[in-house]
Amino acid sequence: MAATGTVTAFEIHDVRFPTSEQLDGSDAMHPDPDYSAAYLVLHTGGGPRGHGLCFTLGRGNDVMAAAIRALAPYLVGRPAPTTAADLAALHRDLTHDSQLRWLGPDKGVMQMAAGAVVNAAWDLAARRAGLPVWEFLAAMTPEDLVSLVDFRYLSDALTPGEALALLRVAEPGRAARAARLKAEGYPAYTTSPGWLGYDDGKLVRLAKEAVADGFGQIKLKVGADLDDDRRRLRLARAAVGPGVRIAVDANQRWDVAEAVRWMTALAPYTPYWIEEPTSPDDVLGHAAVRSGQPVKVATGEHVANRVVFKQLLQAGAVDFVQIDAARVAGVNENLAVLLLAAKYGVPVCPHAGGVGLCELVQHLAMFDYVAVSGSRDDRVIEYVDHLHEHFVHPAVVEHGRYRAPTAPGFSAEMHPASLAAHRYPDGPVWRARQATEEALA
């Protein structure tokens, strides 16, 4: 039998949830999403397991699973990473593979697959240390944290020395901030009322419920029809009152000029930010939108790598950086983005809609508060009240705040029954859906 410190197998699942049936997750660019996860389990010869995932909207989840499988040789049969040096080496190996890198580089399916593997390794390492990932990271020295980051392409904006200085400034207050986080939680906002496929009655009901639940910010999807957006914003504002922030999200729907025109028209309804107004790769377009109308700009959930984040910050194109735990190449690259945002003084407000994203990204935001930025000002983590019941240690939001996770690991582990029921295409949920569709044909 292999030693418990050796990775013995990659177990990969294509898991899909039929959220399109209720239009949960619907927006102007993605009207019929089936929230899905290419889900990875690292086995270690009877020891702890590591869990990671890539989030998709359904079709293509099998492609993600295949990409993750292609990375198995970097871990199977090798010692499980446990230290910062191990985790840094794994990240470099996965992202510097000369042949797989060609498929990006540093973007697309292989970048996300690397993130799933890196995150699973962090889950495993934190479990072995007996700590949640946010505390596991926050216990590392500034030198260890800097060693985790690939500074190639970043040094014109952030050098290792500058990153080390930022972390050293934050270091003395870590213990006090960690205690405050455990006592008070981390501010959240909710997108649950705002999906574009919801009718007006559902929007109003869910917006009022969000305020009653303690949320100080909600978010609405926009971008399909301007008159509809005006009406929905009026209804939402009437439902939540003047003291609650309403952010809006176009999900990349517009050209630059259209974004400026649309948001100028919506500005009288005081949206807090406009999220993804145009292509996530269009740095100068975001800068033009930011300068061309009065609403603050947020983006990042579809930004593929640290280099584009660097350029967004250098160009003054964003007011809020939105990291995603499963879009870039895992914890290491998200650490680079957190450090860049701290250097430029821009708040990080993570994206967290989708399967497992709330569970994952809460750790990164909490680590940022404890060990990097040292601030929760103007910072909120997105919360969507979907699919948490499928996780062994789900994200918990109470009175509009994320409760700090206490279970060891990255909170990514799903229940075996959920994996079995939603396995695509032959799990019982999907067999039943196919039977229904055939009966109606």
Side-chain angles (χ1 to χ4, degrees), residues 7-20 25 30 32-44 49-78 80-81 90-124 280 301-305 324-333 354-357 360 387 390 410 412-414 416 418-431 433-434:
V7 177
T8 57
F10 263 37
E11 178 188 334
I12 300 171
H13 300 262
D14 182 342
V15 186
R16 308 189 193 187
F17 299 88
T19 52
S20 61
H30 312 98
D32 58 349
D34 285 324
Y35 277 8
S36 303
Y39 181 80
L40 168 65
V41 183
L42 303 178
H43 292 262
T44 59
R49 298 177 179 182
H51 305 262
L53 58 87
C54 288
F55 169 62
T56 79
L57 296 187
R59 288 187 298 278
N61 204 50
D62 51 340
V63 177
M64 283 302 327
I68 293 170
R69 189 172 292 109
L71 298 172
Y74 282 106
L75 270 174
V76 175
R78 300 187 181 189
L90 175 65
H91 179 264
R92 284 194 299 272
D93 287 345
L94 294 174
T95 56
H96 289 200
D97 180 301
S98 64
Q99 295 183 11
L100 293 176
R101 185 180 182 277
W102 182 262
L103 302 178
D106 299 326
K107 64 179 70 71
V109 169
M110 289 312 307
Q111 176 85 332
M112 294 172 68
V117 177
V118 167
N119 287 345
W122 277 91
D123 180 61
L124 177 57
E301 71 181 82
H302 283 89
V303 170
N305 55 58
D324 182 287
R327 173 65 60 176
V328 300
V331 170
N332 302 57
E333 191 160 21
V355 181
L357 298 186
L360 291 171
L387 308 176
H390 299 292
F410 214 171
E413 182 180 3
M414 296 180 72
S418 294
L419 296 176
H422 295 88
R423 185 179 61 246
Y424 186 86
D426 58 345
V429 168
W430 290 100
R431 289 201 308 268
R433 185 174 182 178
Q434 183 179 7

Practice item. Decide yes or no for N119 and V331: does some side-chain heavy atom of the first lie under 4.5 Å from some side-chain heavy atom of the second? Key: yes
**Study point:** Verdict with reasoning, T8 to T44, per side chain to side chain contact (heavy atoms under 4.5 Å, CB included)
**Key:** CA-CA 5 Å; T8 57; T44 59; 5.6 Å; no
Practice item. Determine whether N332 and V118 make a side-chain contact, defined as any pair of heavy atoms from C-beta on separated by less than 4.5 Å. Key: yes
Practice item. Look only at the side chain of T19 and the backbone of P33, and say whether a donor-acceptor pair between them is shorter than 3.5 Å. Key: yes
**Study point:** Residues that H96 engages under side-chain contact (heavy atoms from CB on, under 4.5 Å), provided they are two or more places apart
**Key:** D150, R152
Review point. Considering only heavy atoms from C-beta outward, does the side chain of S36 approach that of V355 to under 4.5 Å?
Key: no
Exercise for review: Classify the angle between the aromatic ring planes of W430 and Y424 as parallel (below 30°), tilted (30 to 60°) or perpendicular (above 60°).
Suggested key: perpendicular
**Study point:** Stepwise side chain to side chain contact (heavy atoms under 4.5 Å, CB included) test for H302 and R327
**Key:** CA-CA 7 Å; H302 283 89; R327 173 65 60 176; 3.0 Å; yes
What pairs of donor and acceptor atoms, side-chain ones from residues 64-71 against any protein atom, are under 3.5 angstrom apart with sequence neighbours left out?
none

Exercise for review: Could you walk me through whether R16 and N61 pass the side chain to side chain contact (heavy atoms under 4.5 Å, CB included) test, one step at a time?
Suggested key: CA-CA 8 Å; R16 308 189 193 187; N61 204 50; 3.7 Å; yes
Practice item. Apply side chain to side chain contact (heavy atoms under 4.5 Å, CB included) to L53 and L360, showing your working. Key: CA-CA 10 Å; L53 58 87; L360 291 171; 4.2 Å; yes
Check your understanding: Any donor and acceptor pair, going by atom type alone, linking the side chain of D14 with main-chain N or O of P425 inside 3.5 Å?
Key -> no
Review point. Is the backbone N or O of F55 less than 3.5 Å from a side-chain atom of Y35, with the two atoms forming a donor-acceptor pair by type?
Key: no
Check your understanding: What heavy-atom pair brings L42 and A121 nearest, and what distance separates the two atoms?
Key -> CD1-N, 3.9 Å
Point to revise | Within 6.0 angstrom of R423 CZ, more than 12 heavy atoms from elsewhere | key: yes
Check your understanding: Any idea which heavy atoms bring R433 and P18 closest together, and the distance?
Key -> NH1-CB, 3.2 Å
Check your understanding: Below 6.0 angstrom between ring centroids: does that apply to H43 and F10?
Key -> no
Review point. Does the S418 side chain pair with the main chain of P416, one donor and one acceptor, at a distance under 3.5 Å?
Key: no
**Study point:** Expected output: side-chain D32 to main-chain S20 donor-acceptor under 3.5 Å
**Key:** no
Check your understanding: Angle class for the H390/H422 ring planes (parallel below 30°, perpendicular above 60°, tilted otherwise)?
Key -> perpendicular
Point to revise | Minimum-distance pair of heavy atoms, taken over all atoms of P280 and V303 | key: O-CG2, 3.9 Å
Please set out all donor-acceptor pairs under 3.5 angstrom arising from side-chain atoms of residues 100-117, sequence neighbours excluded.
residue	atom	partner	partner atom	Å
R101	NH2	Y153	OH	3.2
K107	NZ	P105	O	3.0
Q111	NE2	D106	O	3.3
Q111	NE2	A304	O	3.0
Q111	NE2	E333	OE1	2.8

Check your understanding: Do any N or O atoms from the side chain of D123 and from the backbone of F410 form a donor-acceptor pair under 3.5 angstrom?
Key -> yes
Point to revise | Between CZ on residue F17 and CG on residue D34, distance to nearest 0.5 Å | key: 11.0 Å
Exercise for review: Could you give me the CA-CA distance, side-chain angles and deciding distance for D97 and R92, then say whether salt bridge (charged side-chain N to carboxylate O under 4.0 Å, His left out) is met?
Suggested key: CA-CA 8 Å; D97 180 301; R92 284 194 299 272; over 6 Å; no
